Protein chains: 2
Amino acid sequence: MDDLIKQLLDARKKKGITQSTLARSVGLPQSHISSIEQGKVDIRVSTLLEMARILDHEVVVIPREHYSLLMAIIEGKKDIELEPLWKPDEED
Amino acid sequence: MDDLIKQLLDARKKKGITQSTLARSVGLPQSHISSIEQGKVDIRVSTLLEMARILDHEVVVIPREHYSLLMAIIEGKKDIELEPLWKPDEED
DNA sequence: TATAAATATATATTATAACATATAACCTTC
DNA sequence: GAAGGTTATATGTTATAATATATATTTATA
């Protein structure tokens with residue numbers, strides 16, 4: 001399943017609401033939420049954003065170079081290796 | 001314009017490629033890239049992901065609580081206030 | 001094991017992204 | 001101001017998400 005969709009599914013469950021409740025909030029029929037969560041449809045961005053918003057999440061586009069760092073933070077790992085914000089006099 | 005789309009546009013320009021080049025990579029006509037970048041269409045998630053991928057970016061769904069932190073990191077701010085990974089004996 | 005609640009499947013319709021293609025409108029730069 | 005490269009518009013077609021609705025399955029609970 002698409003990773004983004006999986007996260008929305010996890011978020012819905014964590015929030016403890018049903019497909020029907022989510023559907024009502026987003027304005028889609030429950031049947032469509034079911035299809036979405038099963039990865040059967042390639043939803044529109046507006047739909048993704050609406051679902052995320054209702055589920056207290058945000059959708060962001062990030063430079064790939066930051067990806068693993070952000071994932072680490074989200075997953076709550078300790079001892080994150082931050083890229084240095086400056087380098088000590090890099091000369092040749 | 002949609003914030004996500006704006007980021008893709010910025011990314012394309014920063015990468016220094018044309019709509020046509022991006023279009024070829026993604027497999028869409030240039031005319032459609034134009035529409036997308038002008039926010040005239042509500043694209044599908046697969047399209048968003050493809051464009052982001054080509055432009056060396058990733059699309060992620062994040063808990064809202066992490067949003068400002070991630071934005072800070074992406075925008076390269078110094079002195080990021082990380083949420084404490086532990087709290088020093090929080091007692092009442 | 002009934003009953004209910006939640007989720008999945010089915011079907012038909014409507015709206016619109018994606019596609020293909022062409023051309024027009026902008027910009028540079030010579 | 002012509003030429004080339006880039007971006008925006010236009011039109012028609014096709015694929016499919018969204019809608020509406022109903023019902024079937026599955027899962028939980030009394």
Side-chain angles (χ1 to χ4, degrees), chain A residues 1-65 67 70-71 74-75, chain B residues 1-65 67 70-71 74-75:
Chain A
M1 187 196 335
D2 185 315
D3 203 46
L4 301 178
I5 297 303
K6 171 149 184 27
Q7 291 196 66
L8 293 185
L9 173 57
D10 291 347
R12 177 176 67 79
K13 288 188 172 162
K14 192 174 271 178
K15 201 176 164 82
I17 66 175
T18 67
Q19 288 184 349
S20 296
T21 302
L22 175 59
R24 244 191 319 284
S25 301
V26 176
L28 304 183
Q30 172 271 323
S31 58
H32 200 226
I33 298 288
S34 174
S35 295
I36 291 170
E37 289 187 345
Q38 289 174 89
K40 289 185 172 175
V41 288
D42 183 6
I43 63 176
R44 298 182 189 169
V45 168
S46 62
T47 305
L48 177 72
L49 295 178
E50 254 321 87
M51 290 181 67
R53 195 179 64 79
I54 301 295
L55 297 170
D56 308 310
H57 284 243
E58 299 290 335
V59 180
V60 295
V61 172
I62 60 170
R64 187 168 298 130
E65 41 177 331
Y67 183 72
L70 300 193
M71 286 301 100
I74 289 173
E75 285 158 25
Chain B
M1 188 195 336
D2 185 316
D3 204 46
L4 301 178
I5 297 303
K6 169 145 183 33
Q7 292 195 66
L8 292 186
L9 174 57
D10 291 348
R12 177 176 67 78
K13 289 188 172 163
K14 192 175 270 179
K15 201 176 164 79
I17 65 175
T18 66
Q19 287 184 348
S20 296
T21 302
L22 175 59
R24 245 191 318 283
S25 301
V26 175
L28 305 182
Q30 172 270 324
S31 58
H32 199 226
I33 297 289
S34 173
S35 294
I36 291 170
E37 289 187 345
Q38 289 175 89
K40 289 185 172 176
V41 288
D42 184 5
I43 63 177
R44 298 180 189 170
V45 168
S46 64
T47 305
L48 178 71
L49 295 178
E50 254 321 86
M51 289 181 67
R53 196 179 63 78
I54 301 294
L55 296 171
D56 308 312
H57 284 242
E58 299 291 336
V59 180
V60 295
V61 172
I62 60 169
R64 186 167 298 131
E65 41 179 329
Y67 184 72
L70 301 194
M71 286 301 99
I74 290 173
E75 285 159 25

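First the proteins, then the strands, lettered A, B, ... as listed; each starts at 1. It should be emphasised that the depicted structure is a prediction, and the values quoted were computed from it without experimental measurement. Every heavy atom of this structure was used, including side-chain atoms; hydrogens, water molecules and symmetry mates were not.
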Expressed as a whole number of angstroms, how long is the span from [X]:[atom1] to [N]:[atom2]?
X        : N       : atom1 : atom2 : value
Gln30(A) : dT19(D) : CD    : P     : 14 Å
Glu37(B) : dA17(C) : CD    : P     : 16 Å
His32(B) : dT11(D) : NE2   : C1'   : 15 Å
Leu28(B) : dT7(D)  : CG    : P     : 15 Å
Arg24(A) : dT19(D) : CZ    : C1'   : 16 Å

Can you measure from [atom1] ([X]) to [atom2] ([Y]) and round to the nearest 0.5 angstrom?
X        : Y        : atom1 : atom2 : answer
Ile5(A)  : Gln38(A) : CD1   : CD    : 12.0 Å
Thr47(A) : Met51(A) : OG1   : CE    : 8.5 Å
Asp56(B) : Glu65(A) : CG    : CD    : 9.0 Å
His57(A) : Ile62(B) : NE2   : CD1   : 9.0 Å
Leu8(B)  : Ile43(B) : CG    : CD1   : 6.5 Å

Can you check whether Thr21(B)'s main-chain N or O pairs, donor with acceptor, with Ser25(B)'s side chain at less than 3.5 Å?
-> yes
Examine distances only and state if a side-chain atom of Arg64(B) and a backbone atom of Arg53(A) form a donor-acceptor pair shorter than 3.5 Å.
-> yes
Check every strand shown and say whether Ile33(B) touches a base, only sugar-phosphate, or nothing at a heavy-atom separation below 4.0 Å.
-> nothing
Side chain [X] and base [N] donor-acceptor under 3.5 Å:
X        : N      : value
Gln38(A) : dA8(C) : no
Gln19(B) : dA8(D) : no
Ser31(A) : dT7(C) : no

Report the C-alpha separation of Gln30(B) and Ser34(B) in whole Å, then their side-chain angles, then the decisive distance to 0.1 Å, and conclude whether the side-chain contact (heavy atoms from CB on, under 4.5 Å) test is met.
-> CA-CA 6 Å; Gln30(B) 172 270 324; Ser34(B) 173; 4.0 Å; yes
By a strict heavy-atom criterion of less than 4.0 Å, which residues belonging to residues 40-52 of chain A are in contact with DNA chain C?
-> Lys40(A), Arg44(A)
Could you give me the CA-CA distance, side-chain angles and deciding distance for Asp3(B) and Gln7(B), then say whether side-chain contact (heavy atoms from CB on, under 4.5 Å) is met?
-> CA-CA 6 Å; Asp3(B) 204 46; Gln7(B) 292 195 66; 3.8 Å; yes
Could you list by number each residue of residues 10-18 of chain B showing a heavy-atom separation from DNA chain D of less than 4.0 Å, or answer none if no residue does?
-> Arg12(B), Thr18(B)
